[in-house]
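Proteins come first, then strands; the chains are lettered A, B, ... in the order of their sequence lines, and each starts at number 1.
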Amino acid sequence: MAERLIYTVAVAWLALTGVFLLVAFMPGDPAYSLAVGIAQERNITLEQALEIAHRLMGYNPKEDLWGSYVAFLKGIFQGHFGYSTFYKVPVVEIVRQALPWTLLVLLGATLISFLLGSFLGAWAAQKRATFLEPVVTMTSAAVQALPPFILAILILFVGAVRWHLLPLGGAYAVDMAPSFSFTFGLSVLRHAIGPMLATALPQLAAWTLAMRANTTQVLGEDYIRFAQVRGLPDRVIASRYIRKNAILPLVASLAVGLGYMLGGHTLVEAVFNYPGIGFYFAKAIAVRDFGLLTGLFSLIVLAVLAATLLAEILYGLIDPRVRVRS
Amino acid sequence: MRRVYEDYLLPVWRNGKSRVGLLILLFYLAMALIGPRLVPLDLRSRFSQRYLPPSLAHPLGTDYFGVDILAQIVHGSRLVIGLIFLSSFLAVLLGAAMGIARGYLPGWPGRFLEMIITVFLVIPTFPALLVVAAFFMDKDLGILGLSALIALFLWAPLARAVSAQVLSTRNREFVEASRILGMPLSYILFSDIFTVLIPYLFVHFVLQLKAALEFSVGLMFLGLAKFNPTHWGVMLNYALYQAGALYTPQGYHYVISVVLNIVLLVIGGILLAQGVEEIFQPRLKEYE
C-alpha cells in the first residue's frame with residue numbers, strides 16, 4: 001500500500017512538472033494582459049503593474065527556472081492553484097463556485113447509471129437465450145458509441161430547442177436567487193437533467209455491458225452449480241452468489257470512472273453552458289486565460305489520482321483476495 | 001504482401017462486424033480522396049438562400065450563409081479522415097517504440113520509462129490535450145503537427161501492452177536461440193519480437209481511430225486549432241456559437257447532418273475495432 005502511495009505521488013509530481021514546463025517555456029509573458037489591465041485601472045506604470053500581476057499569479061519569469069519551479073510546487077502544496085487573469089480572482093475561488101455543480105451532475109449521473117446499469121446487466125445475463133439479451137446488448141453497444149458531447153448536442157437540440165422541455169443552459173433560472181426553497185431546487189434539477197443525461201447514458205451502457213460480462217462469467221463458476229445442487233432457492237443464489245460476485249470488480253472502477261468523467265465533462269458543460277469545472281475549462285481556452293487553465297488542470301489531475309488511489313484501497317477492503325495477492 | 005492479405009485483410013473481411021465497419025470507413029476514405037473533385041465548394045455568402053431545406057440542388061440543404069452543407073461535409077472529410085488516420089498511426093509508432101524500449105531497457109532507465117507511460121495512462125487525457133493545444137493555439141501546426149499532438153495522448157495503453165509482451169517474449173526459446181547464435185540486437189528486436197507484436201499494433205491502430213476522432217472533433221469544436229472552416233468540429237462550433245443553427249428551428253438539418261456523419265464514422269470505427277478484436281483476441285491469447 002505504501003508503495004502505491006509513493007507511486008501516486010511520483011506520478012502527480014511528474015504531471016505537475018509537465019504543466020510547469022509548459023507555462024515556463026510559453027512564448028511571451030502570461031501575466032502581460034493582466035498587467036495592462038491593472039496599469040489602466042490603478043493608474044500606475046506597466047512595470048509596477050507587471051510586478052503585481054506576477055505576485056498574483058505566483059509566477060515570475062525574471063526568477064530563475066528552479067526558483068519558480070520550487071515556488072510553483074510549494075504553492076500547490078499549500079492550496080494555491082494560480083490566478084485567473086480573466087476573472088481576476090484566484091483559481092481556488094472559481095473552483096469553490098464551480099465544483100458543487102459538477103459534483104451534482106457527475107455524482108447523480110454515476111449513481112443512476114451504476115445502479116440501473118448493474119441491474120440491467122445482471123438481468124440481461126440471466127435472460128440468456130431469450131430475445132431480450134441481444135436487445136439490451138445491442139442498444140448498450142450503440143449508446144456507448146456516442147461521444148458524450150455529441151449526445152449533449154442532440155439532447156439540447158431535441159429537448160430544449162425543438163420541444164422546449166428543457167432549459168437552454170445555465171444551472172438555474174436567471175430570474176431566481178439561490179435559496180433553499182422548493183421552486184429553486186426544482187429549477188436546479190431541471191437544469192441538471194440535460195448534462196446528467198449526456199453523461200449518464202454512455203455510462204449506463206458501459207456498466208450494463210460490463211455487468212453482463214461479469215455475470216455471464218460467474219454463472220459458469222463451479223460454486224454456482226454447487227449451490228444449486230445444495231438446493232438453495234434461486235432467489236438466494238441470484239442475490240448472494242451471482243450478483244455479489246459479479247458486482248465486485250465494478251465497484252473498483254466506480255471511483256476511476258468518476259475521475260475519468262471529471263476529465264471528459266468539459267465539452268458537455270460547454271454545450272449546456274453549465275457553470276461547472278468543465279465550463280470554466282472551456283472558457284479559459286476561449287479567453288486565453290492560461291492561469292485558470294493550468295490551475296484547473298492541476299486540480300483535475302490531483303482529483304483523478306486521488307480517486308484512483310481511493311478505488312484501490314476500497315477494493316482491497318471489499319475483496320480480501322486482492323489483499324492476499326498484493 | 002500475400003501474407004498480409006491472408007493474415008489480416010481476409011479475416012477482417014470475413015467477420016461480419018469488421019466488414020461493415022471497414023465498408024463505412026472506406027466510404028469516408030473515398031469521400032475524402034475523390035469527393036472534393038466531384039462536389040465543388042463555394043464558400044461565398046448568399047443570404048437569400050439561408051437555411052434552405054434539403055432539395056435536389058442542395059441534398060443536405062444550406063447553412064446560415066447559404067452555403068451548401070453537403071459540399072462542406074465532403075470537403076471537411078479530407079481533414080477529419082486525414083487527422084484520425086495520421087494521429088492513430090503516429091500513436092502506434094510512439095507506443096510501439098516506447099513499449100519496446102521499456103521492455104528491453106533494464107534497471108532505472110526502464111523504470112523511468114515505466115513512470116512516463118503510467119503518467120500518460122492515468123492523467124485525464126482529453127483535458128491534458130486541451131491544455132497542450134491551448135499553448136500552440138496561435139501557431140498553424142498543420143495536419144502533421146496536430147496529429148502528433150493528438151497522438152501524444154493516445155499512445156500509452158499500447159505502450160503498456162507492448163512492454164508487457166516484450167518482457168515476456170525476450171526470455172522465450174526462439175529469442176534465446178537468436179541470442180546464442182550471436183544475432184545482432186536489431187535482428188532480435190525487429191525480426192523476433194516485432195513479429196509477435198504485429199497483431200497488437202493492428203488492434204490498437206483500429207481502437208485508437210475512435211478516440212482520435214473524438215479528440216480532433218473536440219479540439220476543433222472548442223476552436224483550439226487554426227484550420228479550414230469545413231472540419232466537422234468547426235461546423236459544430238459554428239452551429240452552437242457563431243451562426244446559432246442549433247437555436248433556430250430552420251437550422252436543424254445543419255446540426256443533424258454534421259452529427260449524423262460523426263456518429264456514423266464513430267460506429268464504423270467501433271464495429272471494425274470489435275471485429276478485429278474478435279479475430280485477433282484468440283491469437284493474442286496464444287502468446288500470453
Side-chain angles (χ1 to χ4, degrees), chain A residues 7-8 10-15 17-19 22-23 25-28 141-142 144-151 153-154 156-158 160-162 168 256 259-267 270-271 273 277-278 281-282 284-286 288-290 293-294 296-298 300-301 303-305 308, chain B residues 17 112 114-116 118-139 210-211 213-215 217-219 221-224 232-233 236-237 239-241 244-249 251-252 255-256 258-260 262-264 266-271 273-274:
Chain A
Y7 209 68
T8 306
V11 168
W13 167 70
L14 269 179
T17 305
V19 172
L22 261 183
V23 178
F25 287 104
M26 186 189 151
Q144 205 189 7
L146 286 171
F149 91 101
I150 296 289
L151 201 58
I153 290 178
L154 281 178
L156 185 67
F157 187 67
V158 174
V161 179
R162 297 235 95 186
L168 282 169
V256 178
Y260 167 78
M261 281 197 289
L262 190 62
H265 206 48
T266 316
L267 291 169
V271 169
N273 265 317
I277 301 280
F281 205 80
I285 292 168
R288 296 168 184 237
D289 186 341
F290 292 104
L293 190 64
T294 51
L296 286 180
F297 180 69
S298 310
I300 291 177
V301 167
V304 168
L305 285 177
T308 315
Chain B
K17 274 186 194 166
F112 183 68
E114 176 81 29
M115 288 280 288
I116 293 186
T118 312
V119 169
F120 278 91
L121 267 181
V122 296
I123 56 166
T125 41
F126 187 63
L129 170 68
L130 292 183
V131 170
V132 177
F135 282 92
F136 293 104
M137 149 159 88
D138 294 321
K139 291 206 186 76
K210 182 201 171 206
L213 178 68
E214 280 184 39
F215 280 10
V217 169
L219 270 186
F221 175 69
L222 287 174
L224 266 173
W232 302 346
L236 278 182
N237 178 302
L240 234 72
Y241 297 116
L246 187 56
Y247 300 109
T248 39
Y252 73 93
V255 181
I256 297 292
V258 182
V259 165
L260 272 187
I262 293 176
V263 168
L264 191 58
V266 171
I267 288 176
I270 286 184
L271 283 176
Q274 282 181 350

Problem - Proximity breakdown for A:Ala10 and chain B, heavy-atom pairs closer than 4.5 Å - result: both
Handout entry: Test log, rule side-chain contact (heavy atoms from CB on, under 4.5 Å), inputs A:Leu267 and B:Leu222
Key = CA-CA 8 Å; A:Leu267 291 169; B:Leu222 287 174; 3.6 Å; yes
Problem - Contact winner vs chain A - B:Val217, B:Ile270, B:Val131, B:Ile116, heavy-atom pairs under 4.5 Å - result: B:Val131
Practice task
Of all the heavy-atom pairs spanning A:Val11 and B:Met115, show the shortest one and how long it is.
Solution key: N-CE, 4.3 Å
Handout entry: From OH (A:Tyr7) to CD (B:Glu114), nearest 0.5 Å
Key = 4.5 Å
Handout entry: Straight-line distance of A:Leu154 CG to B:Leu260 CG, nearest 0.5 Å
Key = 8.0 Å
Handout entry: Under 4.5 Å from any heavy atom of chain A - which part of B:Val258
Key = neither
Exercise for the section: Could you tell me the separation between the CD1 atom of A:Ile150 and the CZ atom of B:Phe221, rounded to the nearest 0.5 Å? Expected result: 8.5 Å
Problem - Engaged part of B:Val119 at the chain A interface, taking heavy atoms whose separation is under 4.5 Å - result: both
Handout entry: Most chain B-contacting option - heavy-atom pairs closer than 4.5 Å, from A:Leu14, A:Ile285, A:Leu293
Key = A:Ile285
Handout entry: Interchain contact, B:Val266 with chain A, by part (heavy-atom threshold 4.5 Å)
Key = side chain
Exercise for the section: Could you tell me the separation between the CG atom of B:Leu130 and the CZ atom of A:Phe297, rounded to the nearest 0.5 Å? Expected result: 9.5 Å
Exercise for the section: Please step through side-chain contact (heavy atoms from CB on, under 4.5 Å) for the pair B:Val122 and A:Leu305, ending with a clear verdict. Expected result: CA-CA 7 Å; B:Val122 296; A:Leu305 285 177; 3.7 Å; yes
Practice task
Check whether B:Ala128 gets within reach of chain A through its side chain, its backbone, both or neither, counting any heavy atom under 4.5 Å.
Solution key: both
Completion exercise
Between the CZ atom in B:Phe126 and the CZ atom in A:Phe281, the distance rounded to the nearest 0.5 Å is 8.5 Å
